[in-house]
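This report refers to the structure that appears directly beneath it.
Just so you know, ligand 1 is whichever comes first in the structure, and atom 1 is the first atom listed for that ligand.
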Amino acid sequence: MTKYKILGDNLPNIPWQDRPADAKGPVWRYSENPIIDRNPLDKVARIFNSAVVPYKGEYIGVFRAELTTGVPYLYLGYSKDAIHWDFEKEPIPFKDENGKPFMPRYAYDPRLILIEDTYYIVWCTDFYGAALGMAKTKDFKEFIRLENPFIPFNRNGVLFPRKINGLFTLLSRPSDSGHTPFGDIFLSQSPDMVFWGKHRHVMSRGYNQWWQSLKIGAGATPIETSEGWLLIYHGVTGTCNGYVYSMGAAILDIDNPSIVKYRSNNYILTPEKPYETTGFVDNVCFPCAALCDAETGKLAIYYGAADTYVGLAFTTVDELIDFVKNDSALSGEDGEIGLI
Ligand code: BMA
């Protein structure tokens, strides 16, 4: 019996390791990290910042693969245990609604969300600058691109796993076209996944928490729990040696998720291991997905490490929610409806 309830499916084959005795903080790493190493495929230099979901008793994922040209595309991967992955050899072949090939010029930081019977992919695409791209699939064979939800510039698009008050609901982080030095998380809603509006401010970068003082961005698909939507996100600080990406967590109101109920004052994971501190971009932990098992409350978080590897980390719904509630510090108007 868990103290807090995950309102979702049971996932008895979730990847898992118990908390090691010496672990600090509410989240602990998989001992065999990274689970995806450099050069995983011919002409693919690195896979990181990727999203996975359960599929037909096994697992499937959409992976950010950086080619040896340096350009990122999205690749499909398959796994029986969500740890060892086999990848398609070519990028996902996106089509438009008429069945014509419609490939993005580049694609990165995918999130993968099941809503009713359809899987949606949201990623950062090129639309006269960095913007959100969107596609849907029911079978992971045919991928149809949808209208881009917003004009540029925007990143970190994450859909909620069900409609809220009858509307599809999307978190995003307005940005600039480069390595955005600012940014808060906003929410938008749509009746049809085409027209987006009812924009609300959700969370500010942390005023008093330097680990998230520059910018924040939604990470994994929000997890529906008895306390509200559990959001695992990234927060960025600036140092004289560049940005540092850590992980944080927040709980959003279940019916009105532009209201933040609790938000972790301290990070839940920060770059410490060599595969997080050293790579193509040093000091990055960038969560894009989480698996959860409603029965036991186990959570398995997938994160990109140093823009080079995929890491896996674990926690439970009880540990993480207790940590966020006991450690909570909202910034600015986080607790309001976000409409000033
Ligand atoms: C952000 C995104 C992420 C990346 C991070 C660190 O702007 O591009 O994909 O992990 O920078 O380089």
Side-chain angles (χ1 to χ4, degrees), residues 33-38 40 44-52 61-67 69-75 91 104-112 121-127 129-133 150 152-158 171-186 205 211-220 232-248 267 269-290 301-313:
N33 270 353
I35 61 168
I36 302 171
D37 211 337
R38 284 182 189 261
V44 172
R46 299 174 304 277
I47 284 183
F48 54 99
N49 299 9
S50 299
V52 312
V62 174
F63 291 82
R64 169 179 177 161
E66 212 102 315
L67 306 192
T69 57
V71 178
Y73 285 104
L74 304 184
Y75 279 56
R105 280 182 42 205
Y106 61 70
Y108 62 80
D109 297 355
R111 307 326 198 265
L112 179 56
I121 307 170
V122 189
W123 72 92
C124 182
T125 203
D126 180 44
F127 176 47
L132 295 184
F150 305 132
F153 304 100
N154 204 306
R155 288 192 179 92
N156 298 303
V158 181
L171 297 172
S172 75
R173 208 271 312 290
S175 66
D176 64 16
S177 59
H179 297 288
T180 314
F182 62 89
D184 294 351
I185 298 175
F186 287 77
R205 52 202 136 145
W211 65 269
Q212 55 178 341
S213 59
L214 280 190
K215 52 181 170 175
I216 54 176
I232 296 167
Y233 67 96
H234 69 257
V236 185
T237 192
T239 73
C240 57
N241 280 331
Y243 293 157
V244 177
Y245 282 69
S246 304
M247 259 185 237
Y267 56 70
L269 197 87
T270 200
E272 287 173 359
K273 296 287 182 189
Y275 55 86
E276 298 163 342
T277 59
T278 310
F280 188 71
V281 179
D282 297 347
N283 295 314
V284 180
C285 290
F286 194 94
C288 286
I301 304 167
Y302 289 79
Y303 65 102
D307 285 11
T308 305
Y309 312 101
V310 173
L312 178 58

>> At less than 4.0 angstrom from any atom of ligand 1, which residues have a non-hydrogen atom? List them by chain and residue number.
In response: N49, R64, Y108, D109, Y245, V281, V284, F286, D307

> Sequence neighbours excluded, which residues qualify as side-chain hydrogen bond (donor to acceptor under 3.5 Å, both in side chains) partners of R111?
Replying inline: N156

>> Suppose we screen for side chain to side chain contact (heavy atoms under 4.5 Å, CB included). Which residues come up paired with P181, at least two apart in sequence or across chains?
In response: D176, Y243

> Who passes side chain to side chain contact (heavy atoms under 4.5 Å, CB included) against P174, sequence neighbours left out?
Replying inline: N154, S172, F186

>> For a quick test of reading the model, state the closest non-hydrogen atom pair linking S246 to W211 and the distance between them.
In response: CB-CE3, 3.8 Å

>> So which atom in H234 and which in R173 form the shortest heavy-atom distance, rounded to 0.1 Å?
In response: NE2-NH1, 4.0 Å

> About how many Å separate CE of M247 and SG of C285, when rounded to the nearest 0.5 Å?
Replying inline: 5.5 Å

